[in-house]
**Q** 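This structure is in structure tokens; I'll ask about it shortly.
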Amino acid sequence: MAETVRPLIAGNWKMNGTSAELPELKRIADGAEGTRSNSPYDALICVPATLVDRAVRTVAGSPLAIGGQDCHGAENGAHTGDISAAMLVDAGAASVIVGHSERRADHGETDIEVMGKALAAHAQGLTAIVCVGETRQEREDGVAMDVVDTQLAGSLPKDAAPENTVVAYEPVWAIGTGLTPSLHDIEAMHDHMREQLRERFGAAGTRIRLLYGGSVKPANAEEIFAISSVDGALIGGASLKSGDFLAICAAMPAR
Ligand code: 13P
């Protein structure tokens, strides 16, 4: 039986957002503020690296945390255009997404590189949100769980713990498509992943938060959050609009 963990509702703004969107971020922070005293979840928005510093200042004093979307595995050095974990911390980030499928696809990131990024994040005190998920072809071929097992085993570092790691299951075919797996399939995958985490990390593995991501919207959040092995969501498109993001937050039941 998995322990109850505090849910996390995280937004991923991807390559969207300039200073013009800071007022929208402020509206998210203000909305999250309303639930501060008895909030049943943690809230986070992962903004483009250029916005982290201003985003942190924009939401200061609210319960909304700010994160980055990627970091390099090295501490520093000759990696033009890359961002280190220390830079994100310096800008005020609390978390960083690593191994998002868009980075795995666009930049050929491998599990071992993703593990290096998670380690770099941990070394700087950042929570690493490690993303895994199968393609449509892999699901049709019946190997979704095998693919996710391999990604989990290869991407999660030895030091992964509930305090420094979140895992996001994001089926590639559900991202930005309006498609989602059936509730049964989400539950089956999350239960399976929970078991993998428990086998590898023992009791701590039952407390690492497991998020679902891929076309989470206000219309489907409640039924997805009703799955007990879903500890929150990683939200792309619907996190860009304060109304949608806050409606998803409101769908999170007290646990
Ligand atoms: P969408 O919510 O737009 O499908 O994106 C999900 C995602 O990739 C979050 O990281």
Side-chain angles (χ1 to χ4, degrees), residues 7-17 21 24-25 28 41-49 51-52 55 64-71 88 93-107 109 114 117-118 121 126-136 138-139 144 147-148 151-152 155 165-183 185-186 189-190 193 209-225 227 230-252:
L8 171 65
I9 303 181
N12 174 8
W13 276 17
K14 308 192 178 184
M15 200 171 72
N16 299 289
E21 279 70 44
E24 195 64 16
L25 188 71
I28 293 177
Y41 58 84
D42 291 331
L44 166 76
I45 299 283
C46 296
V47 297
L51 269 193
V52 170
L64 182 69
I66 297 298
Q69 299 174 7
D70 177 54
C71 67
L88 288 175
S95 304
V96 61
I97 297 169
V98 294
H100 191 281
S101 62
E102 286 152 14
R103 293 206 60 88
R104 290 178 187 260
D106 293 356
H107 301 275
E109 288 185 9
V114 174
K117 288 167 184 259
L126 286 171
T127 295
I129 302 174
V130 180
C131 300
V132 298
E134 82 284 357
T135 63
R136 171 165 287 292
E138 289 162 344
R139 177 150 290 266
V147 167
V148 167
Q151 290 178 337
L152 266 186
S155 308
T165 302
V166 172
V167 174
Y169 168 56
E170 298 206 310
V172 178
W173 54 274
I175 294 176
T177 58
L179 302 172
T180 55
S182 68
L183 297 175
D185 283 346
I186 294 175
M189 182 62 87
H190 274 239
M193 290 167 71
R209 292 189 275 197
L210 266 180
L211 311 185
Y212 169 76
S215 297
V216 177
K217 309 285 179 205
N220 61 16
E222 193 173 341
E223 59 189 18
I224 292 171
F225 292 160
I227 301 171
V230 171
D231 303 319
L234 184 55
I235 303 152
S239 71
L240 296 169
K241 296 245 168 11
S242 56
D244 284 354
F245 186 78
L246 292 171
I248 292 170
C249 289
M252 176 55 75

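Atoms within a ligand are numbered from 1 in the order they appear, just like the ligands themselves.
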**Q** Sub-3.5 Å donor-acceptor pair from the side chain of Arg104 to the main-chain atoms of Cys131, do we have one?
**A**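 The answer is yes, because a donor-acceptor pair under 3.5 Å joins these two groups.
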
**Q** Tell me: protein heavy atom nearest atom 3 (O) of ligand 1, and distance?
**A**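 Here the closest protein heavy atom is Gly237 N, 2.8 Å.
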
**Q** Which heavy-atom pair separates Tyr212 from Pro171 by the least distance, and what is that distance?
**A**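 In terms of heavy atoms, the two residues are closest at CE1-CD, 3.7 Å.
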
**Q** Once the angle between the rings of His190 and Tyr169 is folded into 0 to 90°, is it parallel (under 30°), tilted (30 to 60°) or perpendicular (over 60°)?
**A**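 Ring orientation, 0 to 90° scale: perpendicular.
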
**Q** What protein heavy atom sits nearest atom 7 (C) of ligand 1, and how far away is it?
**A**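 Atom 7 (C) of ligand 1 sits closest to the protein heavy atom Glu170 OE2, 3.2 Å.
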
**Q** Specify the protein heavy atom at minimum distance from atom 2 (O) of ligand 1: its residue, its atom name, and the distance to 0.1 Å.
**A**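 Atom 2 (O) of ligand 1 sits closest to the protein heavy atom Gly236 N, 2.9 Å.
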
**Q** Looking at ligand 1, does Gly213 have a heavy atom less than 4.0 Å from it?
**A**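 Heavy atoms of Gly213 never come under 4.0 Å of ligand 1.
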
**Q** At under 4.0 Å between heavy atoms, which part of Asn12 makes contact with ligand 1: side chain, backbone, both or neither?
**A** side chain

**Q** With heavy-atom distances below 4.0 Å as the criterion, list the atoms of ligand 1 near Leu234.
**A** 9 (C), 10 (O)

**Q** I'd like to know if the side chain of Asn12 and the backbone of Gly236 have a donor-acceptor N/O pair within less than 3.5 Å.
**A**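 Looks like no, no N/O pair under 3.5 Å.
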
**Q** Does even one non-hydrogen atom of Lys217 get within less than 4.0 Å of ligand 1?
**A**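 No, Lys217 has no heavy atoms under 4.0 Å from ligand 1.
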
**Q** Within a distance under 4.0 Å of any heavy atom of Ala174, pick out the atoms of ligand 1 and give their elements.
**A** 4 (O)

**Q** In terms of residue, atom name and distance, what is the protein heavy atom nearest to atom 5 (O) of ligand 1?
**A** Lys14 NZ, 3.2 Å

**Q** Testing His107, Glu109, Glu170 for side-chain hydrogen bond (donor to acceptor under 3.5 Å, both in side chains) with His100, which one passes?
**A** Glu170

**Q** What are the two closest non-hydrogen atoms of Val98 and Ala128, and how far apart are they?
**A** CG2-CB, 4.3 Å

**Q** Write down the atom of Thr180, the atom of Ser215, and the distance for their closest heavy-atom approach.
**A** CG2-O, 3.7 Å

**Q** For the residue pair Leu44 and Leu64, what are the closest heavy atoms and their distance?
**A**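 So the two residues come closest at N-CD1, 3.7 Å.
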
**Q** Indicate whether the side chain of Thr177 and that of Arg136 have a donor and an acceptor atom separated by less than 3.5 Å.
**A**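 Thr177 vs Arg136: no donor-acceptor pair found between side chains.
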
**Q** Can you tell me which portion of Ala168 lies within the under-4.0 Å heavy-atom range of ligand 1? Options are side chain, backbone, both, or neither.
**A**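 It is neither; nothing of Ala168 touches ligand 1.
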
**Q** Does Ser239 have a non-hydrogen atom less than 4.0 Å from ligand 1?
**A**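 The answer is no: ligand 1 sits nowhere under 4.0 Å from a heavy atom of Ser239.
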
**Q** Looking at Gly214, which atoms of ligand 1 are within less than 4.0 Å of one of its heavy atoms?
**A**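 Under 4.0 Å from Gly214, ligand 1 has these atoms: 4 (O), 6 (C).
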
**Q** Tell me whether ligand 1 is touched by Ala238 - counting only heavy atoms on the residue side and a distance under 4.0 Å.
**A**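 No, Ala238 has no heavy atoms under 4.0 Å from ligand 1.
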
